[in-house]
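In this chain, residues are counted from 1 in sequence order.
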Amino acid sequence: MHEEKIAELRCEIDKLDESIITLFAQRLDVSEEIIRLKIANNFAADDFKREEKIIDRLFELMDGKLERTKIEKLYKSIFSISKDSFKSKNNTLTPLELLKLRPIIIAGPCVVESRVQVEEIATSLASMGIKFLRGGAFKPRTDPNSFQGLGSEGLDYLLDAACKNQMFTVAEILDSEQLEENYEKIDIIQVGSRNMSSYGFLKQVGKISAIDSKPIILKRGFAATLDEFLKAADYIRNAGNSNIILCLRGIRTFEQIDSKLRFTPDIGAILDLKERTELPVIFDPSHSTGISKFVVPIAKAARAAGADGLMIECHTHPDEALIDGFQSILPHQVREIFDV
Ligand code: PEP
Ligand code: MN
């Protein structure tokens, strides 16, 4: 008896699922069309106020049958599936177009160590829909006698790994000579924390990138005020490129006297910067904590504070990493950041 009833109800469920999935497919098409129009007309692809309104409206429609947090959880995943599906169907999107889709996720090793290492990491990240692969070829090391990166060879490995996985590259450039030599190869140029106040270099970065408005990631100097940070961005802007992404990466405070943290995560600065500038603000939970098990929670905190994206250090074998293994997470852990 019970079995028959269950079978009958299951039939009903199957029919309902059919309707849900058909409607979901239609919703995907409409939302992809909206994203396409927004990108074509230079609007930010994400509109969190609109997302909130959708959730509010559905909550009302449910008339108390489902808590708001549940509807939020369901719809946040629908929003994110729609964006991912748009990205995967539109393989011809340029980095500039992709950067309009929030969150901007950049992940990869601190330093490129070998062809195999970077390809393994890239494949894993690409399988999660991540489009921006970071990897240091030229490393700014405190100790001149330590491993400085593989240089141009490392950059080639990064480029190949990205190309094989339909990803774009983010790599740091340390000086003018490297800039001239490698500018064309890299999709997004990173100016590191230590170079944030190298004004001559910032001018050169702005000048060379003025021609094609290539995105520049500018990392906050770890002893720089927000005003100094924004003025450093102005150096690049005044030289002709306003396509700048600000990256917070932790600052040095008295906390470093006895805290385990490598730097102090400047999460509050996300809120402050968002009120001062239109530029996207991303957060680096890896350097700002220096401890791999703190990376996911701090990344979540940065998201909650309104960061436009994250730059995360990943490694498939953190224990064997040549630099910063202690703050690297496994590629699949990036997903944990987005678990509601
Ligand atoms: C990096 O991102 O590789 C790096 C060296 O970071 P920072 O310049 O913030 O120290
Ligand atoms: Mn690093």
Side-chain angles (χ1 to χ4, degrees), residues 106-118 120-121 133-158 161 169-182 186 188-202 204-205 216-224 228-229 232 247-266 283-295 298 311-330:
I106 302 163
C110 176
V111 62
V112 177
E113 298 166 11
S114 69
R115 186 178 281 287
V116 173
Q117 173 243 18
V118 69
E120 217 174 70
I121 298 171
L133 178 69
R134 64 151 284 150
F138 309 97
K139 292 304 297 179
R141 305 303 306 279
T142 307
D143 180 356
N145 299 315
S146 64
F147 176 49
Q148 304 284 306
L150 295 176
S152 309
E153 193 188 339
L155 194 56
D156 287 344
Y157 297 157
L158 179 78
T169 53
V170 178
E172 177 166 1
I173 287 294
L174 297 179
D175 59 43
S176 311
E177 206 179 294
Q178 287 170 11
L179 185 67
E180 294 278 335
E181 245 169 66
N182 301 293
I186 305 167
I188 302 181
I189 305 277
Q190 177 174 324
V191 177
S193 191
R194 288 151 194 85
N195 258 329
M196 188 213 83
S197 3
S198 305
Y199 303 122
F201 183 54
L202 295 178
Q204 272 170 321
V205 168
I216 309 295
I217 291 181
L218 177 65
K219 296 191 85 173
R220 179 185 189 180
F222 51 74
E228 288 160 350
F229 188 23
C247 181
L248 294 164
R249 45 81 70 218
I251 48 171
R252 189 160 283 166
T253 70
F254 61 84
E255 203 176 37
Q256 269 65 62
I257 295 171
D258 64 356
S259 132
K260 285 187 290 200
L261 293 159
R262 186 174 180 184
F263 291 93
T264 300
D266 40 352
F283 195 84
D284 171 347
S286 312
H287 292 92
S288 61
T289 59
I291 300 171
S292 56
K293 67 177 177 197
F294 292 174
V295 168
I298 289 294
M311 166 136 81
I312 310 150
E313 285 189 345
C314 298
H315 203 290
T316 37
H317 307 281
D319 295 343
E320 292 161 26
L322 295 184
I323 308 179
D324 287 356
F326 49 82
Q327 66 187 33
S328 300
I329 58 172
L330 297 166

Taking every non-hydrogen atom, the tightest pair across [X] and [Y]:
{"X": "Cys314", "Y": "Ser328", "answer": "C-CB, 4.2 Å"}
{"X": "Ile121", "Y": "Pro109", "answer": "CD1-CB, 3.8 Å"}
{"X": "Tyr199", "Y": "Met196", "answer": "CE2-O, 4.3 Å"}
{"X": "Asn195", "Y": "Leu202", "answer": "O-CD2, 4.2 Å"}
{"X": "Ala171", "Y": "Leu155", "answer": "CB-CD1, 3.9 Å"}

### Query
Is there a side-chain contact (heavy atoms from CB on, under 4.5 Å) between Ser288 and Phe283 once you walk through the steps?
CA-CA 9 Å; Ser288 61; Phe283 195 84; 3.4 Å; yes

Student check: side-chain heavy atoms of [X] and [Y] closer than 4.5 Å:
{"X": "Leu174", "Y": "Phe201", "result": "no"}
{"X": "Pro285", "Y": "Phe294", "result": "no"}
{"X": "Lys260", "Y": "Ile291", "result": "yes"}
{"X": "Leu248", "Y": "Asp284", "result": "no"}
{"X": "Ile173", "Y": "Gln190", "result": "no"}
{"X": "Leu330", "Y": "Pro318", "result": "yes"}
{"X": "Ile217", "Y": "Lys219", "result": "yes"}
{"X": "Phe326", "Y": "Arg262", "result": "yes"}

Any sub-3.5 Å donor-acceptor pair from [X]'s side-chain atoms to [Y]'s backbone N or O?
{"X": "Ser259", "Y": "Leu261", "answer": "yes"}
{"X": "Gln117", "Y": "Glu113", "answer": "yes"}
{"X": "Glu313", "Y": "Gly135", "answer": "no"}
{"X": "Ser146", "Y": "Asp143", "answer": "yes"}

### Query
Got a second to check how far Glu177's CD is from Asn182's CG, nearest 0.5 Å?
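One finds 10.0 Å between CD of Glu177 and CG of Asn182.
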
### Query
Distance under 6.0 Å and angle within 45° of the ring axis: does Arg249 meet both against Phe263?
yes

### Query
For Phe222, is the NZ or CZ atom of Arg252 found under 6.0 angstrom from the centre of its six-membered ring and inside 45 degrees of the ring axis?
yes

### Message
Apply side chain to side chain donor-acceptor pair (under 3.5 Å) to residues Thr264 and Thr253 and explain how you reach the verdict.
### Response
CA-CA 7 Å; Thr264 300; Thr253 70; 2.9 Å; yes

### Check against side chain to side chain donor-acceptor pair (under 3.5 Å), Gln327 and Ser286
CA-CA 5 Å; Gln327 66 187 33; Ser286 312; 5.3 Å; no

### Task
Count the heavy atoms belonging to other residues, nucleotides or ligands that lie under 6.0 Å from CD of Glu255, then report whether that count exceeds 12.
yes

### Task
Apply side-chain contact (heavy atoms from CB on, under 4.5 Å) to Val170 and Ile186, showing your working.
CA-CA 7 Å; Val170 178; Ile186 305 167; over 6 Å; no

### Message
Under the criterion side-chain contact (heavy atoms from CB on, under 4.5 Å), I'd like the reasoning laid out for Phe147 against Arg141: C-alpha separation, chi angles, the key distance, then a yes or no.
### Response
CA-CA 8 Å; Phe147 176 49; Arg141 305 303 306 279; 4.3 Å; yes

### Query
Can you find a side-chain donor-acceptor pair between Asp324 and His315 that sits under 3.5 Å?
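There is no such pair between these side chains.
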
